[in-house]
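Only one structure is covered here, and it is reproduced in the block below.
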Amino acid sequence: MTFQSPIQQALQHYPITLALVVICVGVFALQLFFGVNPTNPTNQSLIVWGANFLPFSLGEAPWRLVTSLFLHIGFMHLLFNMFALYYFGQVAERMFGAVNFLALFLLSGVGGNLLNNFLGLHSVMAGEPPIISAGASGGIMGIGMALLVTALTKTSFNNFALNFRSLLIVMVINLGYGFLVGGIDNASHVGGAIIGGLLGMVYIIQYRVIRQQQLFAHKASSAHWPPNHLGDRPISGSTAPFIPPSVLKGKIITASYVVLIVGFMAMYGWLHISFMQLLNHALPSIIH
């Protein structure tokens, strides 16, 4: 058996997880190179580096909904998020496949940022100042929730059998910590978890559709039904064959991505219009 270093294993089995970690660490390294404080960066430096800041994100810089996912507010924020991203990612990517995993991370992160801006806009309307947010937490919570839904339904992908209780404890601690400690972007956590849970259900439905199709194909060909150790419930008294994550694709997943993206665009459009109306209403009173 050929020895593989941790980096070689990561490149072979979960390259997207490794790439996301490298990007986040690389952005932080660039911040240090250009003189950003590693423990307490200023608001101005965070905005310059692409943080999610409502006046810009809902104004002329919607790309901040994505760039903020790779930006972190200090070394400890980066350290905790990268540990969680690796902890969830190296399992989720091998279960759902690289493409689905990347989509899960990005859509959950953007969904969390949109919820953050939705609540932030209402806070601004109530007279509160807008806040600055950054970090991969929304995407990470989405990954964790997708895994939790998978464990809850006792569905195993790629021979992974997850412990629901352990995942539930980890998710509760992460969500609860955000509500108990100030200065944490709870909206992004909750929004990311919601999107991740929805996508987790989509993957499960698509997976079971593929299993049904394989079952019918085997019955039609009278071929030997290969043994499987997935551990989830059999279909029509038979055990389904192994389904590699690269096969986890189909119309259900594609349609779900399209619906989410269109929904995000519609929500962003509504938030943008609402913010511009607020801005146009507030400017005359400020000038006078």
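In what follows, every heavy atom counts, from backbone to side chain, and hydrogens, waters and symmetry copies are set aside. Here the structure is a predicted model, which means the values were calculated and not measured.
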Check: Tyr203 ring centre within less than 6.0 Å of Phe157 ring centre:
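No - the distance between ring centres of Tyr203 and Phe157 does not fall below the 6.0 Å cut-off.
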Aromatic contact between Phe83 and Phe80, with the criterion being ring centroids under 6.0 Å apart: yes or no?
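Centroid separation for Phe83 and Phe80: 6.0 Å or greater.
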Hey, does [Y] have a side-chain heavy atom less than 4.5 Å from the side chain of [X]?
X	Y	value
Leu199	Leu260	yes
Leu58	Phe118	no
Met95	Thr150	yes
Phe88	Leu167	yes
Ile73	Pro41	yes
Val91	Leu162	yes
Ile16	Val99	no
Leu30	Trp49	yes

Return the [atom1] to [atom2] distance between [X] and [Y], rounded to the nearest 0.5 Å.
X	Y	atom1	atom2	result
Asn116	Asn186	CG	CG	10.0 Å
Ile132	Phe53	CD1	CZ	5.0 Å
Asn174	Ile169	CG	CD1	12.0 Å
Leu106	Leu65	CG	CG	12.0 Å
His72	Leu69	NE2	CG	8.5 Å
Ile210	Ile253	CD1	CD1	6.5 Å

Stepwise, does the side-chain contact (heavy atoms from CB on, under 4.5 Å) test hold for Phe28 with Met82?
CA-CA 12 Å; Phe28 187 76; Met82 292 306 96; over 6 Å; no
With a 3.5 Å distance limit and no angle check, can you tell me whether [X] reaches the backbone of [Y] through a side-chain donor-acceptor pair?
X	Y	result
Asn100	Leu248	yes
Ser166	Asn163	no
Ser68	Arg64	yes
Asn37	Asn40	yes
Thr155	Ala151	no
Ser108	Phe105	no
Arg211	Tyr207	no

Run the side chain to side chain donor-acceptor pair (under 3.5 Å) check on Ser57 and Asn113 step by step: do they pass?
CA-CA 9 Å; Ser57 298; Asn113 281 338; over 6 Å; no
Regarding Gln212 and Arg208, is there a side-chain donor-to-acceptor distance under 3.5 Å anywhere?
no
Testing the 3.5 Å rule here: is there a donor-acceptor pair between the side chains of Thr17 and Glu93?
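Side-chain D/A pair, Thr17 to Glu93: present.
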Hey, quick one: are [X] and [Y] part of the same hydrophobic cluster, counting side-chain heavy atoms closer than 4.5 Å, chains of contacts allowed?
X	Y	value
Phe56	Ile131	no
Val27	Phe33	yes
Met145	Ile173	no
Val66	Met141	yes
Phe34	Phe70	yes

[X] to [Y] - nearest heavy-atom pair and separation:
X	Y	value
Phe101	Leu20	CE2-CD1, 3.9 Å
Leu121	Ser274	CD2-CB, 3.7 Å
Tyr268	Pro62	OH-CB, 3.3 Å
Ser137	His189	CB-NE2, 3.1 Å
Ala146	Leu104	CB-CD2, 3.8 Å
Ala92	Ile143	CB-CG2, 3.6 Å

Taking atom CE of Met276 as the centre, report whether more than 12 heavy atoms of other residues, nucleotides or ligands fall under 6.0 Å from it.
yes
Around atom CZ of Phe164, are there more than 12 heavy atoms from other residues, nucleotides or ligands closer than 6.0 Å?
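Yes, because the 6.0 Å sphere around CZ of Phe164 holds more than 12 heavy atoms from other groups.
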What's the verdict on side-chain contact (heavy atoms from CB on, under 4.5 Å) for Phe264 and Leu107, showing C-alpha distance, side-chain angles and the deciding distance?
CA-CA 9 Å; Phe264 285 174; Leu107 290 173; 3.9 Å; yes
So Ile140 and Tyr87, side-chain contact (heavy atoms from CB on, under 4.5 Å) or not? Walk me through it.
CA-CA 10 Å; Ile140 294 168; Tyr87 177 79; over 6 Å; no
Does the side-chain contact (heavy atoms from CB on, under 4.5 Å) test come out yes or no for Leu54 and Leu271, once each step is laid out?
CA-CA 10 Å; Leu54 187 146; Leu271 289 173; over 6 Å; no
